[in-house]
Amino acid sequence: MSAHHHVQSPATTPDDDADLARWDDDGAPPAQPRSSPAAWLRVGAELGDRLVALSGRQDLLVTCRPGTRSGAPAAFFPTLGEVEIDARLFAPLKPHEIHPRIVGDEERYPAAWGVFVHEAAHAAHSIWTQPAGADPRVVEAALLLEESRVEGAHLVTRPTDRTYLRTSARTLVMPDIAHPTLQGIEHAAGVAALVLGRRDVGILDAGETRAVADLCEKVLGADLLATLTRIWTAAHQCADHDATTMLTHGQEWCDALDTAAPALPVPENLTDLLSGAVGVVMDSTAATDAADLAAQDAAANAMASRSKSQAQDRAQRAGQRRKAAATAKSVFNTRGTTVNPDGTPAPRSNPVTGTRRPTAAEQSAAARLSRALRAAAYRERTEERTTSPTPPGRLNMRAALARDAQRAAGSVPTAEPFTHTRRRNSPTPPLRVGIAVDVSGSMRAACAPVASAAWIVARAAALTDPDSLTATIAYDQHLTALTRPTHRAPERVTTFDATGGHHNLGDAIDALDHGLELSRPGAGRLLVIVTDARYVSDETAQAVTRVKQLTTAGCAVLQLTLTAESRHLPGTTLLHLPRPSSAPAAIATAATDAIRRTR
């Protein structure tokens, strides 16, 4: 049985009585009361603040000092309203390094905190008091059963403290096993109550306690162990104030041992066997806790890495947005100049050859496209029907008769005979169309039809919805805005030539995305790329990354090619046009489909 009880009744200890006797006998200086160093007084006060949450009591004092009056690592004194804890449990931490008032600081001293939680469980649930004249042996057995009972009751309200209670078991149980006050069968029964009782309340796992269970069954016998198990299981259900029931269980414990002890042989090395078995249990729990802690650390590290990666992604996206905004600002400049990838002017590389008046066919195509876009953007009005017991609304005769019948029957009328229909116009979505045309030397055949298509789409979008926007960028190594994202319809067609080299499609997409908000939902969004895609690997990778971002955001991306030797940009919808003159019609059809799919 345990060497120390964690619920202490006397207010003084034998040492204190001896000090007083020496003063009476030989005139020695008066005994000085033990007191904590000033640093430990603060630790005790902060532990007292945390004890309120652990025990639900505000009338308790916590003292923390090196060594304890009870001799146990910690103890609860019900008559004094005091919990004492040995400061040596916090080793190697110094008092100034311990701050229990800070939630989470206990993770740095789990053994000390586990013992403190155990005493808090006593303070909250060891409410019963032994009556005068009770058999000391029965009280001793009841207090033994109390060890696991209070921990089980504590777990009901604070299940997250299980880890610390497992740690406290290693601190509290092992010294009691190695230095028993009782011997023989009673010692083995005490070990069973301390270890297997904690198993049955969920502190320890069954697999961890198998060594003690097997040894106790061998020493005590299966029948006696089953009887003792039934007793401590019943004690676990006892109310906190029920002293009578706890002492009854203590009496049953003593009777069971007295009945079975004479017939049970006691091994000579029983203490060593019990210490070894408990050591195996405690090593197993330590290994399990270490594995759980490692798993928690791994999960925390993974979460931290994920958070760091997400922060880096957010920072990278923010940087890309800033860069796209700067690119759009430099490309869509008021002077209409060509710019380098860094945003500086490059007037000598401007592919624009001039402007011209739109032909009658182009004006007719813009009008047709405008009508098609308007029809595609049309949304039926939504209807919302509500019923009510009073007008306004259309009278439903069946509901009216039902209401009259309910009233005639003397019941509360629930029928609602009037129906009101509310119709609301659905907003028509605007259109966002960006056109990126490759003006490297291999794309000369596309210049005239794309110039015509850019004007037709821009004109039709302006006529359809004032919120619609289009823009066209010619790109090779440099970027040139052919049409800008304004709400005004262009008056003239901008003509251009294809004589450049290299391809800067990535920056062109960034400028169109920022200028037209192609990544933002709520509009019919379309990006048209007119290119043969004969790029080097870096140029292709940059373009594919931007295309994937747009398609993920819900923007349709169309690639128009004019020759059979053209390559396909991954992520785009490829459309091969053997006749360049069909490019305006293809772009118009794609724009109409994009706005029709918008919801």
Side-chain angles (χ1 to χ4, degrees), residues 324 326-359 361-363 365-366 432-462 469-516 527-535 539 543 560-562 577 580-581 583-584 587-588:
T327 302
K329 182 178 180 180
S330 63
V331 173
F332 297 120
N333 58 77
T334 57
R335 301 181 302 276
T337 57
T338 301
V339 297
N340 291 308
D342 59 0
T344 57
R348 296 184 179 180
S349 301
N350 195 330
V352 175
T353 58
T355 61
R356 62 174 175 81
R357 295 181 60 84
T359 64
E362 291 170 339
Q363 292 177 346
R432 303 281 191 269
V433 179
I435 302 176
V437 55
D438 183 355
V439 291
S440 60
S442 60
M443 292 296 296
R444 181 166 298 176
C447 294
V450 172
S452 178
W455 184 90
I456 292 172
V457 173
R459 182 73 174 178
L469 292 174
T470 68
T472 305
I473 291 179
Y475 70 92
D476 50 10
Q477 183 178 356
H478 310 89
L479 304 177
T480 307
L482 303 180
T483 61
R484 292 165 181 77
T486 63
H487 299 289
R488 296 174 55 187
E491 298 295 335
R492 299 178 65 86
V493 178
T494 301
T495 60
F496 58 93
D497 197 5
T499 59
H502 301 288
H503 310 86
N504 191 10
L505 178 56
D507 285 343
I509 295 177
D510 284 344
L512 290 171
D513 183 12
H514 186 271
L516 300 174
L527 172 64
V528 180
I529 304 173
V530 185
T531 180
D532 54 10
R534 296 179 181 176
Y535 304 159
E539 296 171 341
L560 296 184
T561 64
L562 304 179
L577 302 177
S581 58
I587 295 175

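What you see below is based on every heavy atom in this structure, not just the backbone, and it leaves out hydrogens, waters and symmetry mates.
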pair Leu562-Leu577: side-chain heavy atoms closer than 4.5 Å: yes
Salt bridge (charged side-chain N to carboxylate O under 4.0 Å, His left out) contacts touching residues 335-351 (sequence neighbours left out): none
Taking every non-hydrogen atom, the tightest pair across Val339 and Ser330: CG1-O, 3.4 Å
Side chain to side chain contact (heavy atoms under 4.5 Å, CB included) between Trp455 and Gln363, intermediate numbers included: CA-CA 9 Å; Trp455 184 90; Gln363 292 177 346; 3.9 Å; yes
Counterpart residues, side chain to side chain donor-acceptor pair (under 3.5 Å), relative to Glu539 (two or more places apart): His503
Closest heavy-atom pair and its distance - Ala489, Arg459: CB-NH1, 3.3 Å
Euclidean distance, Arg534 CZ relative to Met443 CE, rounded to 0.5 Å: 9.5 Å
Side-chain heavy atoms of Ile509 within contact of Ile529, under 4.5 Å: yes
Stepwise side chain to side chain contact (heavy atoms under 4.5 Å, CB included) test for His514 and Thr327: CA-CA 9 Å; His514 186 271; Thr327 302; over 6 Å; no
Sub-4.5 Å side-chain heavy-atom contact between Ser452 and Val493: no
Minimum-distance pair of heavy atoms, taken over all atoms of Val530 and Tyr475: O-OH, 4.4 Å
Residues in side chain to side chain contact (heavy atoms under 4.5 Å, CB included) contact with Thr334, at least two apart in sequence or another chain: none
Least distance between heavy atoms, Pro345 atom then Asn340 atom: O-ND2, 3.4 Å
Atom pair OG/CG of Ser349 and Leu479 - distance to nearest 0.5 Å: 11.0 Å
Test item: Thr338 side-chain N/O and Thr480 main-chain N/O as donor-acceptor pair under 3.5 Å: no
Results of salt bridge (Lys or Arg N to Asp or Glu O under 4.0 Å) for Asp507 - residues two or more places apart only: Lys323
Those residues that, when tested against Asp510, pass salt bridge (Lys or Arg N to Asp or Glu O under 4.0 Å) (two or more places apart): Arg546
Thr483: side chain to side chain donor-acceptor pair (under 3.5 Å) partners, not counting sequence neighbours: Thr472
Considering all heavy atoms, the nearest Ile473-Ala511 contact: CD1-CB, 3.7 Å
Inter- and intrachain pairs under salt bridge (charged side-chain N to carboxylate O under 4.0 Å, His left out), touching residues 470-480, at least two apart: none
Reported CG-to-CG distance for the pair Leu469 and Leu516, which is rounded to 0.5 angstrom: 6.0 Å
Passing candidate, side chain to side chain contact (heavy atoms under 4.5 Å, CB included) with Val437, options Leu482, Val528, Thr531: Leu482
Under the side chain to side chain contact (heavy atoms under 4.5 Å, CB included) test, residues paired with Ala481 that sit two or more places apart: Val331, Phe332, Arg484
Side chain to side chain contact (heavy atoms under 4.5 Å, CB included) involving Ala588 - partner list, sequence neighbours excluded: Leu369
Pairs flagged by salt bridge (charged side-chain N to carboxylate O under 4.0 Å, His left out) wherever residues 432-448 is involved - sequence neighbours left out: Arg444-Asp497
Partners meeting side chain to side chain contact (heavy atoms under 4.5 Å, CB included) with Pro449 (sequence neighbours left out): Pro580, Ala583, Pro584
Side chain to side chain donor-acceptor pair (under 3.5 Å) against Thr355, all qualifying residues, sequence neighbours excluded: Arg492
Note, Phe496 side chain near Val439 side chain (heavy atom, < 4.5 Å): yes
